[in-house]
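Worksheet: the structure to be examined is printed underneath.
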There are 2 protein chains.
Amino acid sequence: MKANLPETQLEAWRKYYVSFWRVFAAIEADLAAASLPSLSWYDALYQLYLAPERRLRMSALAQGALLSRSGLTRLVDKLEKEKLIERQACPADGRVQHAQLTAKGVELLRKIWPVYRTGIAKYFAPHVSDAEAKEIAAVFGRIVSAAETAAGGAE
Amino acid sequence: MKANLPETQLEAWRKYYVSFWRVFAAIEADLAAASLPSLSWYDALYQLYLAPERRLRMSALAQGALLSRSGLTRLVDKLEKEKLIERQACPADGRVQHAQLTAKGVELLRKIWPVYRTGIAKYFAPHVSDAEAKEIAAVFGRIVSAAETAAGGAE
DNA sequence: GGATATTAGTTGCATACACAACTAAAATGG
DNA sequence: CCATTTTAGTTGTGTATGCAACTAATATCC
């Protein structure tokens, strides 16, 4: 927690911060232009897609989808209404709900991904060499790990 | 706009994406814990602080503060109510408003910055070597430039 | 120079999200 | 085994933000 922050680090932070918002906004705009839902839907569905049996407890999904628990409840409401997922009560623990990805959910994921991928390929990838990409993955991987252990959840 | 996205790039994107949200949330939480306004206020005030005479047209400020024009109008409403800035009509062009940073605005900036800086120093900097920071600044600097020229505004 | 187009900013409306308070279920422990 | 605490998820409420429509002012062009 060094309070002194060298100018180099600060400049890196600023570029990181600004670039993220720009790229994020550009990708969201492309998705909206293609009449597709926003990245938060994608993130949630994709987390489920990755999960064993394509299902996850609400709180795990909230973690993975970068949302608060209440935010996730609302998102899951909408996804469920669209039949993209199903809520399943847990027989072993009455407090727990699982979100289960449906076939329709997978299908939407497959519709979103090409547009998302193209966005990454347009706004991000062209400016990042292969070597830089490896370094970025390493650096930001460390940041993610640190943030997640700090937040208490190993997950 | 290569549609093919190597796994290396993709992995870099994912870490970049997730790390950003984690760090951003952590810093926002620290600011809130210190009863300070959020980064969007800081961003807007800081843009003005950097500007010549500490004032900027609304639309330029929107660009710099990463907001839509309507979003900026609302933010400026709040900042003005807190006397952190003043709106000034432009004598040369009746459509234009300038936002002018006040002394109180500078003061708030100076209160926020230590907390913000500490957040960067806690969540970001420890995981980034000096060499990596230089590279990150370069890479994301390119991304920002590309995004801004694409968005039409050189600025 | 007056009709039309463009530009700057604002406002109406809708949406997405967080925090805090709540409910229900399970764990703890005496 | 009942009372208390903890945990999982939901709901009430407030806020931040964007898009599209609007207003007012300037620029363009015949």
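We name chains A, B, ... by the order of the sequence lines, and we start the count at 1 in each one. Worth saying up front: this structure is predicted, and the values here are computed from it rather than measured.
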Task: Nucleotide-resolved protein contact map, nucleotides 1-9 of chain D, B/S/- at heavy-atom distance under 4.0 Å - done: ------BBB
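Between the CG atom of A:Leu39 and the C1' atom of C:dT15 there is a distance of 16 Å, given to the nearest Å. Remark: P of C:dT10 and CG of B:Leu61 are 11 Å apart, rounded to the nearest angstrom. Atoms CD (B:Gln63) and P (D:dG18) sit 12 Å apart, rounded to a whole Å. Distance B:Glu28 CD to C:dC19 P: 10 Å, rounded to the nearest Å. For the pair A:Leu31 CG and D:dC19 P, the interatomic distance rounds to 13 Å; values are reported in whole Å. If you measure from atom CG of B:Asp77 to atom P of D:dT17, you get 13 Å, rounded to the nearest angstrom. Taking atom NZ on A:Lys81 and atom P on D:dT10, their separation rounds to 14 Å, with Å as the unit.
Proximity of the aromatic rings of B:Phe140 and A:Tyr17 is defined here by a centroid distance below 6.0 angstrom, and this criterion is not met. Aromatic rings of B:Tyr16 and B:Trp21 (six-membered ring for Trp) have centroids beyond the 6.0 Å cut-off, not under it.
Mapping A:Arg74 and A:Ala29 onto DNA chain D by nearest heavy atom places A:Arg74 at the nucleotide closer to the 5' end. Along DNA chain C, the nucleotide nearest to A:Pro91 and the one nearest to A:Leu72 differ in position, and the one closer to the 5' end is contacted by A:Leu72.
Residue contacts shown for B:Leu67 are limited to sugar-phosphate atoms, with no base heavy atom under 4.0 Å away. Using a 4.0 Å heavy-atom cutoff across all strands shown, A:Ser38 reaches no nucleic acid atom at all.
Under the 4.0 Å criterion applied to side-chain N and carboxylate O atoms, B:Lys15 and B:Glu11 are assigned as salt-bridge partners. By the 4.0 Å N-to-carboxylate-O rule, A:Asp130 lies close enough to A:Lys134 to be salt-bridged with it. The pair B:Asp77-B:Arg87 meets the salt-bridge criterion, since a charged nitrogen lies less than 4.0 angstrom from a carboxylate oxygen. Using a 4.0 Å cut-off between a side-chain N of Lys or Arg and a carboxylate O of Asp or Glu, B:Arg54 and B:Glu86 do not qualify as a salt bridge.
A:Lys78 has no side-chain polar atom (N or O) that falls below the 4.0 Å cut-off from OP1 or OP2 of C:dT15.
Residues in residues 95-109 of chain B take part in these side-chain hydrogen bond (donor to acceptor under 3.5 Å, both in side chains) pairs, two or more places apart or across chains: B:Asp93-B:Arg95.
Checked by distance alone, A:Ser68 brings no side-chain donor or acceptor within 3.5 Å of a matching partner on the base of C:dC17.
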